[in-house]
Amino acid sequence: MIILGIESSCDDTSAAVIRDCILLSNVIASQKVHEAYGGVVPELASRTHQQNIVPVVSEAIRQAGIDKSEIDAIAFTRGPGLPGSLHVGTAFSKGLALALNIPLVDVNHLHGHVLAHFIKEDENTEVPEFPFLCLLISGGNSQIIKVESPYDMEIMGQTIDDAAGEAFDKCAKVMGLPYPGGPHIDRLAQEGDPKRFKFSKPHIEGYNYSFSGLKTSFLYTLRDEIKLNPNFIEENRADLAASLQRTIIEILMDKFGKAIKDTGIKTVAIGGGVSANSGVRAAVQQYCDRRGIKAFLPKRTFTTDNAAMIAVAGYYKFLRGETCPITAPPFARVVI
Ligand code: KG4
């Protein structure tokens, strides 16, 4: 079965082709236009999607070495995401599905991130066994998800305020680093002392996360230190980055570890943009190695938004005959 996946929920226009979960192509056009603004500008994102979507889809079909008449269904991100951005992918997918007279499958973007672990680069790619626990950490979400099957996922805990990626990005911004700041913090942290600064950690019940207190404590540290030394940030970049990253990882692992212990599940996975972080990857791997737990860390291309994961999530829905009508609107928030 050949599925074309289309992703346009935020600032990456992506199209991918899979044959029964085996990846034939995955083309991603990232939008540089937002860098100058220090964050994604929704209107610019949707306009750039409009420019990119036709060449990106054509290139994905070309690289897959198939003819568009061979596509069995189109899987598209229906939400959550930016309304304008979602509209571009949704409208394009509908148009193409109508023209090719094939079914449409609507995909929840977050299911896509979780099911990214089922993208096979060849027949030998190892995939997680069910049930597994997934730590989904991105610019918009921080969730612990119990995955019983491709159709059955339970959110055990999630952030009550900022997401982990926002903590990286907002703190990086006050340090004067470009957007998105996560990868810059990751790079700087390699050379810094992670124990140099202490920032506050939340105390919340259960498996929920909170990152806004950390952000405030980071801001206050900078404010107080800059009063004493105006070059404080400049002189302490690496130590600030390393200490911030360590604190975020400790917050993440505290609840994720608790969920792993309480459920007794022996397979875990991570996903979303922040799962590209080298410290997060090392911490999850080390935690699992010590306890005989199997860890699935996605390839970096599959951590951020991509259409391959949307195609795979769509594939599973299509197997059960779950298609969506041509009238289906995108959802900015509602989870499908
Ligand atoms: O999943 P994603 O591409 O989409 C959104 O949710 O928007 O995640 C983007 C997030 C950003 O916050 C970015 O700073 C973060 O992932 N990120 C990282 C790293 N690479 C991307 N955070 C920390 N370390 C990284 N290496």
Side-chain angles (χ1 to χ4, degrees), residues 7-14 26 28-32 34-35 37-42 45 49 77 79-82 85-86 89 107-117 134-143 145 158-159 161-175 177-190 192 194 209 211 214-215 218 240-253 269-284 297-310 313 332-333 335:
E7 154 66 29
S8 72
S9 64
C10 188
D11 60 342
D12 293 299
T13 321
S14 180
N26 184 36
I28 306 174
S30 299
Q31 304 181 354
K32 293 262 170 263
H34 308 286
E35 272 172 20
Y37 302 90
V40 177
V41 182
H49 281 307
T77 304
L82 298 172
S85 293
L86 289 167
V107 172
N108 175 335
H109 181 79
L110 302 176
H111 287 184
H113 273 302
V114 173
L115 296 176
H117 292 279
C134 184
L135 178 66
L136 180 56
I137 36 180
S138 68
N141 296 280
S142 301
Q143 297 180 328
I145 306 170
Q158 58 190 324
T159 182
D161 40 56
D162 285 354
E166 275 178 285
F168 273 108
D169 296 342
K170 289 177 177 173
C171 293
K173 192 172 180 177
V174 295
M175 283 174 68
L177 297 170
Y179 177 85
H184 297 280
I185 299 282
D186 193 356
R187 182 178 40 80
L188 282 170
Q190 324 259 341
Y209 285 117
F211 288 97
L214 165 63
K215 181 184 65 187
F218 188 83
L240 282 168
S243 304
L244 173 70
Q245 182 164 300
R246 173 188 55 85
T247 315
I248 294 177
I249 294 170
E250 283 174 6
I251 297 173
L252 287 171
M253 290 311 294
I270 56 174
V274 179
S275 66
N277 183 271
S278 46
V280 170
R281 295 172 81 90
V284 171
L297 311 179
K299 248 182 94 172
R300 280 171 207 252
T301 359
F302 303 137
T303 59
T304 45
D305 293 346
N306 68 86
M309 67 186 197
I310 301 303
R333 285 177 190 279
V335 169

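Values below: every heavy atom of this structure, side chains too, minus hydrogens, waters and symmetry copies. Quick note: residue numbers are just sequence positions, from 1. Atoms within each ligand, like the ligands themselves, are counted from 1 in listed order.
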So between Leu177, Asp169, Asn141, whose heavy atom ends up nearest atom 14 (O) of ligand 1? Asp169
Using a strict cut-off of 4.0 Å, indicate which atoms of ligand 1 neighbour a heavy atom of Thr304. 3 (O)
Can you list the atoms of ligand 1 that are under 4.0 Å from a heavy atom of Ala276? 20 (N), 26 (N)
Gap separating the CD1 atom of Ile28 from the CG atom of Asp305, nearest 0.5 angstrom: 8.5 Å
Which atoms of ligand 1 have any heavy atom of Gly165 under 4.0 Å away? 12 (O)
How far is atom 5 (C) of ligand 1 from its nearest protein heavy atom, and which residue and atom name does that atom have? Gly139 N, 3.5 Å
Among all protein non-hydrogen atoms, which one is nearest to atom 26 (N) of ligand 1, and what is the separation to 0.1 Å? Asp186 OD2, 2.9 Å
Please list, in number order, the atoms of ligand 1 under 4.0 Å from a heavy atom of Gly140. 6 (O)
Measuring from the heavy atoms of His113, does anything fall under 4.0 Å of ligand 1? yes
Out of curiosity, Leu240 CG to Leu188 CG, how far, rounded to the nearest 0.5 Å? 9.5 Å
Which residue is it: Thr77, Thr13, Asn306? I am looking for the one with a side-chain hydrogen bond (donor to acceptor under 3.5 Å, both in side chains) to Glu7. Thr77
Compile the donor-acceptor pairs under 3.5 Å between side chains in residues 164-172 and protein atoms, sequence neighbours left out, one pair per line.
from: Glu166; atom 1: OE1; to: Ala163; atom 2: N; distance (Å): 2.8
from: Glu166; atom 1: OE2; to: Lys170; atom 2: NZ; distance (Å): 3.2
from: Asp169; atom 1: OD1; to: Gly181; atom 2: N; distance (Å): 3.1
from: Asp169; atom 1: OD1; to: Gly182; atom 2: N; distance (Å): 3.1
from: Lys170; atom 1: NZ; to: Asp162; atom 2: OD1; distance (Å): 3.4

I need the Thr304 OG1 to Met309 CE distance, nearest 0.5 Å. 8.5 Å
Considering only the protein, which heavy-atom contact is closest to atom 22 (N) of ligand 1, and what is its distance? Gly182 CA, 3.4 Å
Once rounded to the nearest 0.5 Å, what's the spacing between atom CZ of Arg300 and atom CG of Asn277? 8.0 Å
So which protein heavy atom does atom 1 (O) of ligand 1 come closest to, and at what separation? Gly273 N, 2.9 Å
Test your reading of the structure: does Ser138 have an N or O sitting under 3.5 Å from an N or O of ligand 1? yes
Top protein contact for atom 24 (N) of ligand 1, by heavy-atom distance: Asn277 ND2, 2.9 Å
I need the Leu135 CG to Ser275 OG distance, nearest 0.5 Å. 8.5 Å
Holding to ring pair (Phe, Tyr, Trp, His ring centres under 6.0 Å), I want the full list of residues that pass it with His117, two or more places apart in sequence or in another chain. none
